[in-house]
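Heavy atoms only: backbone and side chains are in, while hydrogens, waters and symmetry mates are out. Quick note on labels: first sequence line is chain A, next is B, and so on, each numbered from 1.
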Amino acid sequence: MSFYVSSFVLDLAINTKNKNDIMNMQSPSPIRNRKYATEITVANDGEHVSIAGWVHEKRDLGGVFFLIVRDLRGYSQVTLHKGKVEKELFEHVKRVPRESVVAIEGKVKSEPKAPLGYEIIPERMEVLSEASQVLPLDTTEKVGAELDTRLDARFMDLRTERTKHVFVIRSRVLKAIRHFFDAKGFIEINTPKIVSAATEGGTALIPISYFEREAFLNQSPQLYKQMLMGAGFDRVYEIAPIFRAEEHDTTKHLNEATSVDVEVAFVSDKEVMAILEELIAFVYSKVMDYPDLGKLNLKLEVPKLPFRRITYDEAIKLLSEAGEEIEWGEDLSTSAEHTLGRIIDELYFITDWPCAIKPFYAQPATKGKSICNAFDLMHPKVELASGSQRVHSYELLKRNIESKGLSADSFEYYLDTFRFGMPPHAGWGLGVERLLMSMLEINNIREVVLFPRDRRRLAP
RNA sequence: GCCCGGGUGGUGUAGCGGCCUAUCAUUGAGCCCUGUCGAGGCUCGGACUCGGGUUCAAAUCCCGACCUGGGCGCCA
């Protein structure tokens, strides 16, 4: 699992600690040449090693005692034979509570009876941090825990195999996304999360107190990334949190989520759709390389390009044939999304949406028509992304804002950009959590966020 | 926000008017056991969300609050 922290980085951290003598208080001795479980093999037979980690399990057979130590990468079996090790050490190891942090020095011994073909015969154990009992949940995953219990004790839930993999994969996905865009010459941007006024409308904002004024947490970087098109940045992306005050209480909504936002100048919606599907396929391929995917019981396939495209009209027709009537101009209901997902059964785009149910910045297809060059990327179970070609005409944009019942004045800074040379452009926003949950077949979006924020949960 | 479920030891559960001094597993404490890998065996400890009500009797029925699972709406 080469993507984990390299031991180089780790050694560096420890050396710094030595230098600064940080560990002087209550002074546990520094762990020299710490090895990860996966760095030790039968080939190290007879060598002296140091391991450090959490006490995962203890198996007391009377005359022989097994201590399973867990670290970031894996598990080590430490074996003690009564009578063969110092009595004091034997008793010490026996008494250390589960989930305590320990450092162990010992010898690697090749042993066919051990699960990994070798085990560690300890010479010294230091308890760096003794864990309280009883544990809030079972890190060996033998007894399950409900999501709510897991989130309350998230620090401990993250110690479980499954949960840890979810977040290592999440890191991989984000890394893959950055890699993808960097290779395509995109500029990564950071736009403000504290904003003065409603941006797009449509969703409820989270108000905050900002010195003597009221401000809000941004619902999306939409307006800013468009302004950067006017600035001549041509292709930008941002991976950042978005905030919504919606009181939705579902398995696929969060009040704080992560969005991948993209905006590209001098192209239409067709080009950014191609970028989006290419990105998704790339991310899938990177996740498929994950060595422990088997432990999540997943069978992933890289989706074939190009994704199927259906128009909004076709979607309505398909739904009608399936007995689900959607009036033209209505947004798709959750059950309509699911029905379509069952019919199509793969990733697909819905294009040519009625302008009335798309934001003011979506470009109408042709003059006088009520269809927009807007699209949604759908997974059979959940919407992943939506985007469009953008209006780049100042006049049209202003008219659109007003026709949506919004005040053009509060969009002054945004609108101004369009008066001084704005290229045609297009873009989209993709929900990172939704992408992850759909790939990993996880039903609740909260599972793919370290510390999720929803209607009720504000801590931890 | 609406509709429908549910809150029982640390965790996951059984019980759904009197057989409850509340089941089982796991965890914890202790004991036995020299090859575990969901170790095994024995002993002990540990719980009915809160507040009202109905009843001779409430974990069990009713009402409210809080929390929670699912569906829908809104939304990405």
Side-chain angles (χ1 to χ4, degrees), chain A residues 56-68 75-85 90 94-95 97-99 109 111-117 119 121 131-153 156-157 160-161 200-205 219-222 241-261 330-338 357-359 374-379 382-387 428-435 437-438 443-446 454-457:
Chain A
H56 187 66
E57 277 186 273
K58 300 194 290 181
R59 295 201 194 93
D60 185 356
L61 277 70
V64 63
F65 188 93
F66 301 103
L67 185 78
I68 313 298
Y75 304 88
S76 303
Q77 174 168 296
V78 177
T79 306
L80 297 94
H81 292 271
K82 199 172 194 169
K84 287 192 187 171
V85 292
F90 193 84
K94 239 174 122 162
R95 275 199 314 271
R98 278 173 55 189
E99 292 304 322
K109 183 174 172 260
E111 173 54 70
K113 280 180 282 187
L116 296 164
E119 57 198 12
I121 310 299
S132 297
Q133 299 297 359
V134 172
L135 304 173
L137 49 83
D138 173 23
T139 53
T140 66
E141 296 172 271
K142 286 171 201 156
V143 179
E146 289 194 7
L147 184 58
D148 196 52
T149 306
R150 291 171 48 203
L151 292 176
D152 282 341
M156 187 144 295
D157 178 50
T160 64
E161 188 86 18
E200 306 169 35
T203 192
L205 296 171
Q219 67 175 100
S220 119
Q222 181 64 33
I242 54 172
F243 303 92
R244 312 271 162 109
E246 298 294 338
E247 299 209 359
H248 32 48
D249 212 350
T250 77
T251 51
K252 47 177 185 280
H253 291 90
L254 290 165
N255 295 294
E256 179 179 351
T258 311
S259 171
V260 176
D261 265 88
E330 296 273 293
D331 209 344
L332 301 184
S333 66
T334 306
S335 91
E337 280 182 13
H338 290 167
I357 49 174
K358 284 292 168 188
F375 59 88
D376 280 6
L377 172 64
M378 309 295 296
H379 177 276
V382 64
E383 179 186 337
L384 297 180
S386 64
W428 43 257
L430 163 72
V432 171
E433 285 81 13
R434 290 207 176 168
L435 176 61
M437 70 189 287
S438 62
N443 293 324
N444 196 318
I445 197 164
R446 293 161 182 80
D454 64 30
R455 177 77 179 88
R456 294 195 176 85
R457 186 173 287 279

Notebook entry, point to check: Contact class for A:Leu61 (heavy atom, under 4.0 Å): base, sugar-phosphate, or nothing?
Noted result: base
Next item on the list: Could you work out which one of B:U13, B:C72, B:A76 sits closest to the side chain of A:Thr250?
Entry: B:C72
Notebook entry, point to check: Distance check: side-chain N/O of A:Arg59 vs OP1/OP2 of B:C33, anything under 4.0 Å?
Noted result: no
Notebook entry, point to check: Looking at A:Thr149, does any N or O in its side chain come under 4.0 Å of the phosphate oxygens OP1/OP2 on B:G12?
Noted result: yes
Note to self: Once you apply a heavy-atom cut-off of 4.0 Å, does A:Thr140 come out as touching a base, just sugar-phosphate, or nothing?
What the structure shows: nothing
Checklist line | Flag if over 12 foreign heavy atoms under 6.0 Å of CG, A:Asn443 | finding: no
Notebook entry, point to check: For A:Arg95, which contact category applies under a 4.0 Å heavy-atom criterion: base, sugar-phosphate, or nothing?
Noted result: nothing
Margin query: If the threshold is 4.0 Å, N to carboxylate O, is there a salt bridge linking A:Asp152 and A:Arg457?
Written below: yes
Checklist line | Candidate nucleotides B:U36, B:G28, B:C72, ranked by approach to the side chain of A:Gln77 - the nearest | finding: B:U36
Checklist line | Between B:C66 (P) and A:Asp148 (CG): distance, integer Å | finding: 16 Å
Notebook entry, point to check: A:Met437 has an atom CE; how far is it from atom C1' of B:A76, in whole Å?
Noted result: 12 Å
Item checked: Interatomic distance where CD belongs to A:Glu141 and P belongs to B:C37 [whole Å] -> 18 Å
Check: For A:Asp60, which contact category applies under a 4.0 Å heavy-atom criterion: base, sugar-phosphate, or nothing?
Finding: base
Note to self: What contact category does A:Ala114 fall into here, base, sugar-phosphate, or nothing, at under 4.0 angstrom with non-hydrogen atoms?
What the structure shows: base
Note to self: Within the 4.0 Å heavy-atom criterion, would you say A:Glu119 contacts the bases, only the backbone, or no part of the nucleic acid?
What the structure shows: base
Item checked: Short side-chain N/O contact from A:Lys142 to OP1 or OP2 of B:A39, under 4.0 Å -> yes
Next item on the list: Test for a donor-acceptor pair under 3.5 Å between the base of B:G35 and the side chain of A:His81, counting only N and O atoms.
Entry: yes
Notebook entry, point to check: Considering residues, nucleotides and ligands other than A:Lys84, do more than 12 of their heavy atoms fall under 6.0 Å from its NZ?
Noted result: no
Item checked: Shortest side-chain distance from A:Glu246, nucleotide among B:A76, B:G35, B:C74 -> B:C74
Next item on the list: Examine the side chains of A:Glu111 and A:Thr79 and answer whether a donor and an acceptor come within less than 3.5 Å of each other.
Entry: no
Notebook entry, point to check: Rounded to the Å, how far apart are A:Arg456 CZ and B:C67 P?
Noted result: 6 Å
Notebook entry, point to check: Across the strands shown, which category fits A:Ser259 at heavy-atom distances under 4.0 angstrom: base, sugar-phosphate, nothing?
Noted result: nothing
Notebook entry, point to check: Can A:Leu377 and A:Trp428 be said to form a side chain to side chain contact (heavy atoms under 4.5 Å, CB included), step by step?
Noted result: CA-CA 10 Å; A:Leu377 172 64; A:Trp428 43 257; over 6 Å; no
Check: Over how many whole Å does the gap from A:Leu116 atom CG to B:U36 atom P extend?
Finding: 15 Å
Check: Side chains of A:His253 and A:Thr250: do they bring a donor and an acceptor to under 3.5 Å?
Finding: yes
Check: Which part of the nucleic acid, if any, lies within contact of A:Glu111, taking any heavy atom under 4.0 Å across all strands shown: a base, the sugar-phosphate backbone alone, or nothing?
Finding: base
Notebook entry, point to check: With both distances kept under 3.5 Å, what pairs with B:C61, Watson-Crick or G-U wobble?
Noted result: B:G53
Notebook entry, point to check: Taking N and O atoms by type only, does the side chain of A:Gln133 place a donor or acceptor under 3.5 Å from a partner on the base of B:U27?
Noted result: no
Item checked: Minimum-distance nucleotide to A:Glu57 side chain [options: B:A39, B:G28, B:A76] -> B:A39
Check: How long is the line joining CD of A:Glu99 and C1' of B:U27, in whole Å?
Finding: 12 Å
